[in-house]
Amino acid sequence: MRIIGQIEHPEFKISIFRMDNRTSVKIENAHYEQIYKLGDEERFQNPENIRKLLDAGLLDNAARLFRDMHQYKLAAVTNLFPPETEESFETII
């Protein structure tokens, strides 16, 4: 798999990959990544068409999914490692 291009974005790192004739797009933020496999369709061989695919609607949905992924991770970590209750100390007057 090799990188054939990148798309500038203020919030995400967006990379276009090709392996054989199959194209994939990876969208990353600081902690998570999403990969969209576009297959070997000729219309996705052109990086300009991929830029058009990644419109504001798709990127807004990707941002929402990143927030959901973060919440799922926090819930899983909290489930595995429940917060410890603090011990209360006697009040000394």
Side-chain angles (χ1 to χ4, degrees):
M1 185 176 291
R2 60 188 169 90
I3 296 176
I4 62 166
Q6 297 204 346
I7 297 174
E8 295 296 321
H9 189 273
E11 188 177 350
F12 305 129
K13 178 180 179 185
I14 303 173
S15 304
I16 304 169
F17 293 90
R18 182 151 309 132
M19 186 167 92
D20 299 326
N21 284 337
R22 295 183 308 261
T23 304
S24 300
V25 176
K26 180 164 65 169
I27 304 171
E28 301 174 72
N29 71 6
H31 302 285
Y32 306 99
E33 62 185 41
Q34 299 173 42
I35 298 177
Y36 294 84
K37 295 181 178 184
L38 304 176
D40 59 358
E41 293 183 45
E42 190 169 320
R43 60 186 172 176
F44 294 126
Q45 301 298 314
N46 178 346
E48 186 56 36
N49 286 343
I50 295 170
R51 282 184 181 82
K52 291 177 186 176
L53 175 70
L54 299 174
D55 63 1
L58 190 140
L59 292 176
D60 286 345
N61 287 332
R64 189 175 309 112
L65 184 55
F66 280 135
R67 288 189 297 272
D68 289 346
M69 291 168 75
H70 185 66
Q71 291 302 315
Y72 301 148
K73 176 185 169 189
L74 289 177
V77 169
T78 301
N79 188 44
L80 183 61
F81 303 106
E84 295 180 17
T85 57
E86 292 184 30
E87 294 182 26
S88 58
F89 295 99
E90 290 181 30
T91 306
I92 301 176
I93 303 180

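Computed over heavy atoms, backbone and side chain alike; hydrogens, waters and symmetry mates excluded. FYI, the numbering just counts along the sequence from 1.
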Colleague: Working to the nearest 0.5 angstrom, can you tell me the gap between N29 CG and M69 CE?
Modeller: 8.0 Å
Colleague: When rounded to the nearest 0.5 angstrom, what distance separates CG in L54 from CG in N49?
Modeller: 11.0 Å
Colleague: Give, for atom CZ of R67 and atom CG of L65, the distance between the pair rounded to the nearest 0.5 Å.
Modeller: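 Rounded to the nearest 0.5 Å, the CZ-CG separation comes out at 9.5 Å.
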Colleague: Side-chain polar contacts of residues 7-18 - donor-acceptor pairs under 3.5 angstrom, sequence neighbours left out - could you list them?
Modeller:
unit_1	atom_1	unit_2	atom_2	d
H9	ND1	E11	N	3.0
H9	ND1	F12	N	3.1
R18	NE	T23	OG1	3.4
R18	NE	Q45	OE1	3.2
R18	NH2	Q45	O	3.0
R18	NH2	Q45	OE1	3.4

Colleague: Report whether L74 and Y72 are members of the same hydrophobic cluster (ILVMFWY, side-chain heavy atoms less than 4.5 Å apart, transitive linking).
Modeller: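 L74 and Y72: separate clusters.
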Colleague: Determine the minimum heavy-atom distance between L58 and D55, stating which atoms define it.
Modeller: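 Looking at all heavy atoms of both residues, the shortest contact is N-OD1, 2.9 Å.
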Colleague: Run the numbers on F44 and V25 for side chain to side chain contact (heavy atoms under 4.5 Å, CB included), then give the verdict.
Modeller: CA-CA 10 Å; F44 294 126; V25 176; over 6 Å; no
Colleague: Could you list the donor-acceptor pairs under 3.5 angstrom formed by side chains in residues 35-42, with sequence neighbours left out?
Modeller:
unit_1	atom_1	unit_2	atom_2	d
Y36	OH	Q34	OE1	2.6
E41	OE1	R43	NE	2.5
E41	OE1	R43	NH2	2.7

Colleague: Assess the residue pair K52 and E48 against the criterion (side chain to side chain contact (heavy atoms under 4.5 Å, CB included)); give the C-alpha distance rounded to whole Å, side-chain angles, the decisive distance to 0.1 Å, and a yes or no.
Modeller: CA-CA 6 Å; K52 291 177 186 176; E48 186 56 36; 4.2 Å; yes
